[in-house]
Q: 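This structure is in structure tokens; I'll ask about it shortly.
Numbered from 1 within each chain, the chains take letters A, B, ... in sequence-line order. None of these values were measured; they are calculated from a predicted model.
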Amino acid sequence: MTPAELSEALRAVLTAAVADGSLPLDPAAVPADVVVERPRSREHGDWATNVAMQLAKKAGMAPRAFAEVLAARLADVPGVASVAIAGPGFLNITLDVAAAGELARTVVEAGAGFGRGTALAGERINLEFVSANPTGPIHIGGVRWAAVGDSLARMLQACGADVVREYYFNDHGSQIDRFARSLLARARGQEAPEGGYGGQYIADIADSVLERVRAAGEPDPLTLSDDEAQEVFRAHGVELMFGEIKAKLHDFRVDFDVYFHEDSLHESGAVERAVTRLRELGHVYEADGATWLRTTEFGDDKDRVILKSDGQAAYIAGDLAYYLDKRERGFDRAIIMLGADHHGYIGRMMAMCSAFGDTPWVNLEILIGQMVNLVKDGEPVRMSKRAGTIVTLDDLVDAVGVDAARYSLARSSADSMIDLDLDLLTRATNENPVFYVQYAHARTRNVARNAADLGVRREDGFDPSLLDHVSESTLLAKIGEFGRVVLQAAELREPHRVARYLEELAGAYHKWYDQKRFVIPKGDEDVADVHRTRLWLNDATGTVLANGLDLLGVSAPERM
RNA sequence: GCCCCCGUAGCUCAGUGGAUAGAGCAUCGGACUUCUAAUCCGCAGGUCGCAGGUUCGAAUCCUGCCGGGGGCGCCA
């Protein structure tokens, strides 16, 4: 019996009690999803619910009396061994050993599908993350969003949502001009211009641009005028940088469905259309030679310029058009992941959302993640794009590998700052929890191989009543939590919950393993149902570990 | 000045109103003649930053302080 099935049984019992008048409660007050949780202490049974405490007041009853009604009926549900009322009104439920053990078969048979659901089916979500400027390699901050964003996308999809991963490519505006000027200067052997970019990658790209141009038989940009030469470096440089970013992200197991070019919004007239729309809605005015959006009407601290007095579109104009474009493409929700240094955008973005007639935090959601700091020799590392002292996605992956990098960035709440200690990471092996989880998976595979060698085959028998050891019921219960953890991680946009869960699951598995309760026969023992049944549990654990690691984009090794 | 995030074991952090607040690392003491010791068992470690409030119940919600980080452009 899975916790989801128990939850459903509880709801049925509750509904029945309300229907026959045993509980004076409005049927509408019965929750669609009765929460079933693992009690903190093992002595309190397999599962617990606080539903009686939550609903007692609405029914005008004492929580314990409310619980009594449910307990009596719940005890008759097949698979439920006992029900106890504890404390202020908890219902503590213990399952039949066999009913609990059935879960092992459920999981193995579901395979990669175990943990997937349909709770978010029908939601069309546009998830935008990374969106780093194509003026340099992806630095450490962007890597965090790559890991967290992609994992979140996987979890949303596991819950049935229709997700598009999107990268907003800022190929318009003065940053790009500076990038192009920096390339040109470098190619001419000059110093980087004021506010420009430095670093080895600028030299590499400048060289690559020259190679490309020469190979294509185009005129040498060094013989062209400043404007023409800069345009050559801009066009080729951006393309090269972009190709590099895409490739690095791909190696990091992050592939976007859409790379959206900011420039296209300006080229296509989408920006003008967005401004016109807002003007028609009456939220735009002219002042000081510029065009403003009255965002204060929707809670922003000040109105925002959308068209500058020099006639150029302000950066936010692109955002207006971009948001509108996403909505016109049919997304119910546009989720944008931003760094803490952009938190000030929330007010104006939500105001913009309202100005279009949409609902903030429903149609538009902004997730703010805190910074990643680097520490070396106990000192914070100052990064500068201009000086080229940045730590890139590549540097991190070279140091610790994709698995450890993704895992260590995704296992913390995005609300917490992360200090990555380079000295630790470069030598880190045991200190990284990813190995603990991966090792548990490798162990399940090893056990399965050994069992196969000794002729233990799952299909020859399964007797869940034999999974009666405390380490087995603990492991089963942990396995049963997986679905809810994934859904919670997706709904709360907190993928780190899956990583934390996997660490707990791995711990429960390692403990079971070390109970010396052999999956394979000892010595000259014959193969029996106990071995086969334990193999089901072993394989079920391996399945959940693999499914969970996949949601984090981390490999599940067969052996380590 | 205003806004956002954080403050929990020596360190790094989990814990979106529930029961005796948890894990990893580090320290200390144990466990491999049979499936992987990258593991497990045990000991120790806490005024959940401080003070109020809300209620059956607060690490969690509200208010105010203190400390750390980030942000408040006709830059992008």
Q: For A:Leu492, report the nucleic acid contact type (base, sugar-phosphate, nothing); a contact means any heavy atom under 4.0 Å.
A: base
Q: Only counting residues at least two apart or in another chain, list the ones meeting side chain to side chain contact (heavy atoms under 4.5 Å, CB included) with A:His44.
A: A:Pro39, A:Ser41, A:Asn92
Q: Quick check on B:C40: is either OP1 or OP2 less than 4.0 Å from any side-chain nitrogen or oxygen of A:Tyr436?
A: yes
Q: Take atom C1' in B:C3 and the same atom in B:G52, then report the distance between them in whole Å.
A: 24 Å
Q: Any base atoms under 4.0 Å from A:Arg559, or only sugar-phosphate, or nothing? Heavy atoms, all strands.
A: base
Q: Considering only the P atoms, how many Å lie between B:U60 and B:A21, rounded to the nearest integer?
A: 14 Å
Q: Could you say whether the aromatic ring of A:His342 and the base of B:G71 stack, counting only centre distances under 5.5 Å and plane angles under 30°?
A: no
Q: Which value, in whole Å, describes the distance between the C1' atoms of nucleotides B:C4 and B:A44?
A: 39 Å
Q: When the distance from CH2 of A:Trp361 to P of B:C4 is rounded to whole Å, what number comes out?
A: 11 Å
Q: If every non-hydrogen atom of A:Ser182 is compared with every non-hydrogen atom of A:Gly196, which pair is closest and at what distance?
A: OG-CA, 3.4 Å
Q: Applying a 4.0 Å non-hydrogen cut-off, can you work out what A:Ser309 is touching in the nucleic acid: base, sugar-phosphate, or nothing?
A: base
Q: Give a yes/no on whether any side-chain N or O of A:Lys57 is located under 4.0 angstrom from OP1 or OP2 of B:U55.
A: no
Q: Would you please say whether a donor-acceptor pair under 3.5 Å links the side chains of A:Gln175 and A:Asn170?
A: no
Q: Taking the same atom, P, in B:C48 and in B:A19, what whole-Å distance lies between them?
A: 15 Å
Q: Taking A:Glu481 first and then A:Arg484, would you say they form a salt bridge - that is, a charged N and a carboxylate O separated by under 4.0 Å?
A: no
Q: Evaluate whether the aromatic ring of A:Phe90 and the six-membered ring of the B:G18 base sit under 5.5 Å apart, centre to centre, with an inclination under 30°.
A: no
Q: Counting side-chain heavy atoms from CB outward, which of B:A37, B:A19, B:G18 is closest to A:Met53?
A: B:G18
Q: Categorize A:Gly87 for me: base, sugar-phosphate, or nothing, with a 4.0 angstrom heavy-atom threshold over every strand shown.
A: nothing
Q: From the set B:C74, B:A19, B:U16, return the single nucleotide nearest to any side-chain atom of A:Ala48.
A: B:A19
Q: Strictly below 4.0 Å: does A:Lys511 bring a side-chain N or O up to OP1 or OP2 of B:C41?
A: yes
Q: Is A:Asn538 touching bases, backbone alone, or none of the nucleic acid, heavy atoms closer than 4.0 Å?
A: nothing
Q: So A:Asp288, base contact, sugar-phosphate only, or nothing? Heavy-atom distance under 4.0 Å.
A: base
Q: Report which part of the nucleic acid A:Asn50 touches: base, sugar-phosphate, or nothing (heavy-atom distance under 4.0 Å, all strands).
A: base
Q: With sequence neighbours excluded, tell me which residues meet side chain to side chain contact (heavy atoms under 4.5 Å, CB included) with A:Ala287.
A: A:Tyr285, A:Trp292
Q: Using the P atom as the reference point in each nucleotide, state the distance between B:U47 and B:U34 in Å, no decimals.
A: 44 Å
Q: Look at the side chain of A:His343 and the base of B:G71, then say whether one donor and one acceptor between them are separated by less than 3.5 Å.
A: no
Q: Would you kindly check if the NZ (Lys) or CZ (Arg) of A:Arg443 is within the cone defined by 45 degrees around the ring axis of A:Tyr509 and under 6.0 Å from the six-membered ring centre?
A: no
Q: From the set B:G70, B:G73, B:A19, return the single nucleotide nearest to any side-chain atom of A:Ala340.
A: B:G70
Q: Could you check how far CD of A:Glu37 sits from P of B:U16, rounded to whole Å?
A: 9 Å
Q: For B:G22 versus B:G45, give the span between their C1' atoms, rounded off to a whole number of Å.
A: 13 Å
Q: Kindly write out the residues that satisfy ring pair (Phe, Tyr, Trp, His ring centres under 6.0 Å) with A:Tyr436, not counting sequence neighbours, or none if the list is empty.
A: A:His510
Q: Using a 3.5 Å cut-off on both pairing distances, which stems of three or more Watson-Crick or G-U pairs include RNA chain B?
A: B:1-7 with B:66-72, B:10-13 with B:22-25, B:28-31 with B:39-42, B:49-53 with B:61-65
Q: List for me each residue that meets side chain to side chain contact (heavy atoms under 4.5 Å, CB included) alongside A:Ser82, sequence neighbours excluded, and say none if there are none.
A: A:Thr94
Q: List for me each residue that meets side chain to side chain contact (heavy atoms under 4.5 Å, CB included) alongside A:His342, sequence neighbours excluded, and say none if there are none.
A: A:Leu338, A:Tyr345
Q: So which nucleotide from B:C74, B:A19, B:A37 ends up closest to the side chain of A:Pro39?
A: B:A19
Q: In whole angstroms, how far is the C1' atom of B:U39 from the CD atom of A:Gln515?
A: 12 Å
Q: Return the value, rounded to whole Å, for the distance between atom CZ of A:Arg38 and atom C1' of B:A19.
A: 14 Å
Q: Applying ring-ring contact (aromatic ring centres under 6.0 Å, His included) as the test, list every pair that has at least one member in residues 479-499 of chain A; sequence neighbours left out.
A: A:Phe482-A:Tyr501
Q: Students often get this wrong, so: under 4.0 angstrom with heavy atoms, is A:Ala86 touching a base, only sugar-phosphate, or nothing?
A: base
Q: With 3.5 Å as the limit, what N/O pairs link the protein to nucleotides 9-15 of chain B?
A:
from, atom 1, to, atom 2, distance (Å)
B:C13, OP1, A:Met417, O, 3.3
B:C13, O2', A:Arg500, NH1, 3.2
B:C13, O2', A:Arg500, NH2, 2.5
B:A14, OP1, A:Ser413, N, 3.0
B:A14, OP1, A:Ser416, OG, 2.6
B:G15, OP1, A:His496, NE2, 2.8

Q: Roughly, in whole Å, what's the span from CG in A:Leu338 to P in B:C3?
A: 20 Å
Q: If the P atom of B:A14 is compared with that of B:U20, how far apart are they to the nearest Å?
A: 24 Å
Q: A:His172 near the nucleic acid: base, sugar-phosphate alone, or nothing, with a heavy-atom cut-off under 4.0 Å?
A: sugar-phosphate
Q: Identify, with sequence neighbours excluded, every residue that meets ring pair (Phe, Tyr, Trp, His ring centres under 6.0 Å) alongside A:Tyr407.
A: none
Q: Would you call A:Leu55 and A:Leu14 a side-chain contact if the rule is heavy atoms closer than 4.5 Å?
A: yes
Q: How long is the line joining CG of A:Leu505 and C1' of B:G22, in whole Å?
A: 17 Å
Q: Would you measure the distance from the P atom in B:C66 across to the matching atom in B:C11 and give it in whole Å?
A: 24 Å
